[in-house]
Peer 1: 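I have a structure here, written as structure tokens, and I will follow up with some questions on it.
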Amino acid sequence: MTTNVILLGPPGAGKGTQAKTLAERTLLTHVASGDLFRAALREGTELGMLAKSYMDRGELVPDEVVIRMILERIKAPDCELGVIFDGFPRTREQAVALGASMAAHNSKIDGVLYLSVPNDVLLRRIAGRQTCKTCGATFNIYYFPSHKPGICDACGGKLYQRSDDSMETAQHRLDVYFAQTMPLIEHYQRQAILYEIDGQREITWVNEAMLRALSQFMVTSAQPKE
Ligand code: AMP
């Protein structure tokens, strides 16, 4: 038995931060399409180079490329108890392909947690975001800055801004989200598996709200750890 959940929401809604905590508190595996592309880029693979050309412009990587990568990733043994999808699906075509693949494996998407955040907050969240090069911890120069500018509180590593997080690219990524990903809200609402969560509240509040929503549809084997 598995539980599969999608975190849906605009760039800057906090999906990555929340997904990491949810994965720590459950037996589900965090699968983030953006992280997979960034890892491929670091490794200098063909997939990484291809993705970079789209990511730098704030465009979506073509559906067939993303779909192939994700369906391959979720075959791995660590996904046996279920997956927290973060950043995927982002288009109707991706959602349909994921649903079909799940059905073919006698599985399904059990719930979609939709993190809603007003537009004006999103731009500052994205453009202020900083990530640690060493441990991946995230900070925000407007909302939760590191104690020493440019230095990670957790491990002392160097903080950097993702190349697609500049103000201009951030705005474009939001436009792409509204055009291509917003329609998925209705898609999952129609299947009656969408749970809306106020993503503007503080991180721990959002996390508890997500765990409560998860416990409504999660099978016992993957229930939150005490
Ligand atoms: P993220 O880390 O989720 O904000 O993704 C960073 C970038 O990776 C996006 O702006 C896209 O260029 C690409 N990307 C990530 N996930 C997808 C997806 N599901 N479909 C298409 N492109 C994606």
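Counting starts at 1 for both ligands and their atoms, following the listed order.
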Peer 1: Listing request: all salt bridge (Lys or Arg N to Asp or Glu O under 4.0 Å) pairs with a residue in residues 177-201, at least two apart in sequence or in separate chains.
Peer 2: E186-R190
Peer 1: Is there a donor in the side chain of T91 and an acceptor in the side chain of E93, or the other way round, less than 3.5 Å apart?
Peer 2: no
Peer 1: Specify the closest pair of heavy atoms between L7 and A19, including all atoms of both residues, with the distance to one decimal.
Peer 2: CD1-CB, 3.6 Å
Peer 1: Using a strict cut-off of under 4.0 Å between a residue heavy atom and any atom of ligand 1, list the qualifying protein residues by chain and number.
Peer 2: S33, G34, F37, R38, M55, E59, L60, V61, V66, G87, F88, R90, Q94, R162, D164, R173
Peer 1: Could you identify which residues cluster with L41, counting Ile, Leu, Val, Met, Phe, Trp and Tyr as linked when any side-chain heavy atoms lie under 4.5 Å apart, either directly or through a chain of such contacts?
Peer 2: M49
Peer 1: Of all residues at least two apart in sequence or in a different chain, which pass the ring-ring contact (aromatic ring centres under 6.0 Å, His included) check with Y177?
Peer 2: none
Peer 1: For T17 versus T138, what's the shortest heavy-atom pair and its separation?
Peer 2: OG1-OG1, 3.9 Å
